[in-house]
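Report on the following structure.
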Amino acid sequence: MCAWLCAVKSRERPNTLNFVDHWETMDIGLIGLATMGRNLALNMLERGVSVAGFDIDPDCRHRCTRDSRFASAAFSLHESLDAFIATLNPPRLLILLIKAGQPVDQILSQLIPKLNPGDVILDGGNSHFTDTIRRARELSHHGIRFLGAGISGGAQGARHGPAIMLGGHPVPHALEHLLQTISARFDTHPCLVHLDGDGAGHFVKMIHNGIEYADMQLLAESQFLLQHLIGLDYPGQAAVFNLWNQGALSSYLTATTARILDKTDPETGLPALEIIHDEADHKGTGQWAAQIALELGVSAPNIMQAVDARLLSKMQPERHLLRQPWRSPILANTTAEEKEWMIPALAGVLLAARITAFAQGFKIFDAASQRFNWHLDKGAIAACWRRGCILQGILPERIRQAYATEPDLVHLLLDPVLGQHVAQGFDRGRNLLAFALNRKLPVAGLITALSFFDALRQHPLWTRIIAAQRDCFGAHGFVRSDRNQRVSWDWS
Ligand code: 6PG
């Protein structure tokens, strides 16, 4: 086990100070006025919440002064941290929306001497959950409550209602009320989940992002097949994604994909995809999700594959050099008859793979609950993801229903409805993936999901030979299945 995991496990919850009565009403300040921060401030103002704003970057402050929507008595903008803090009466509620990592520690070290016991800081950035646990502990020594919240939904979510994953107890009433007010709504339910355990909010957001990476990869490969196997042009591909978005595949990311395919470059009139450089960046949250899955011993191959796919996309020199001798011509010479079955088959495979990727992510929650003693409520997490976040769509509501029906469900693929979609989607679509392989089209995400499902329902697997190999060269022993007994053999 890596050092930081041991550290998390052995930590007790930081001292909880008895400030709860003190927390009925709080003055609210927002630190970080880049796009997310400005949009969240506008969201608050629109909902009648007064807020003071500060950013060390004058450019971010100027954007507020130039924007008439901030010209409100409910908003005050400050040029120095001292003036910002002075305008807020204790107990203060400070929300950080700044870059994760060192900038958070830097601002905290500046804030600590200026704050009073009973003040509360909420970190709404994409911080690593172990940093949040550490900071909560450190700030508790100063009588300051530090909480972490994963806020999802990008700039539009922040503006009109994000999904919020809050970790830690106790939480000021004022903060709970604020988060309910500004979050997205599914019917009348706020898309806010409150998880016990400092760092648990950022943990759940990290897994959200891991699934987000996996789903983006699956959608990208599906577009790739529509283009290079089935031979549709961009408007045709957009029409397919729009159609899919009317049914079981309906989601924010499906709709986003359709929007991208419909877009043209205003300068050249070319389809957007034709002018976008062929590599994908990442800021780390997907990688963290893959790392924690490994550390917790959970199989989550689609999250890993999606991170890997972004790394592979950046191997530009190798990709360039390998294209010379081995370039595989992409020929979408599919017949009209083939197209007819391929598009629905692809929809089925994509849905099956999407459900599989979510199932992998939700399994990580079980392991984390055990390891960190968090009791993560998977039904409540799925409910939170129904609106506001990047993963919003039909599936989180189906997952919520699965856990409502069977709270102790061992694996999401065991839910009869979800399992049926997965089995049918893969069984009807595997022929399509065989076509893709034969035409040398790389679709590792879809195939990873298919193999994950096939492996889980196969017995025996290839595992026995691995167990024997370990014993053969390393005397590691193996379990005799006929006696359920651990033995080691002399293989010579
Ligand atoms: C969200 C998003 C948001 C985001 C990440 C991922 O939930 O609103 O997940 O946090 O887009 O920054 O970005 P990378 O792809 O750059 O890692």
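Throughout, residue positions are numbered sequentially from 1 according to the sequence presented. Order of listing sets the numbers, starting from 1, for every ligand and every atom in it.
In terms of protein heavy-atom proximity, atom 3 (C) of ligand 1 is closest to K205 NZ, 3.9 Å. Ranking the protein heavy atoms by distance from atom 7 (O) of ligand 1 puts S152 OG, 2.5 Å first. Looking only at protein heavy atoms, the nearest one to atom 11 (O) of ligand 1 is E212 OE2, 3.9 Å. Among all protein heavy atoms, the one lying closest to atom 17 (O) of ligand 1 is Y213 OH, 2.4 Å. Scanning the protein heavy atoms around atom 13 (O) of ligand 1, the nearest turns out to be K283 NZ, 3.9 Å. Given atom 5 (C) of ligand 1, the protein heavy atom at minimum distance is N209 ND2, 3.8 Å.
No side-chain N or O of R159 forms a donor-acceptor pair with one of Q156 less than 3.5 Å apart. Between the side chains of S127 and D131, no donor N or O sits under 3.5 Å from an acceptor N or O. With 3.5 Å as the limit, one finds a donor-acceptor pair spanning the side chains of D265 and T268. A donor-acceptor contact closer than 3.5 angstrom is absent between the side chains of R63 and T35.
Ring geometry, F453 versus F426: the interplanar angle falls from 30° to 60°, so the pair is classed tilted.
Among L93, L122, L147, D119, the one residue that satisfies the side-chain contact (heavy atoms from CB on, under 4.5 Å) test with P172 is L147.
At least one heavy atom of G154 lies less than 4.0 angstrom from ligand 1. Within the 4.0 Å heavy-atom cutoff, G153 counts among the residues contacting ligand 1. Contact annotation: M216 has no heavy atom less than 4.0 Å from any atom of ligand 1.
Checked against the 6.0 Å centroid threshold, W288 and Y213 do not count as a close aromatic pair.
At least one N/O-N/O distance between R310 and ligand 1 falls below 3.5 Å.
Here the side chains of M165 and L192 are not in contact, with every heavy-atom distance at 4.5 Å or above.
Counting atoms of ligand 1 from 1 in the listed order, those under 4.0 Å from a heavy atom of H208 are 7 (O).
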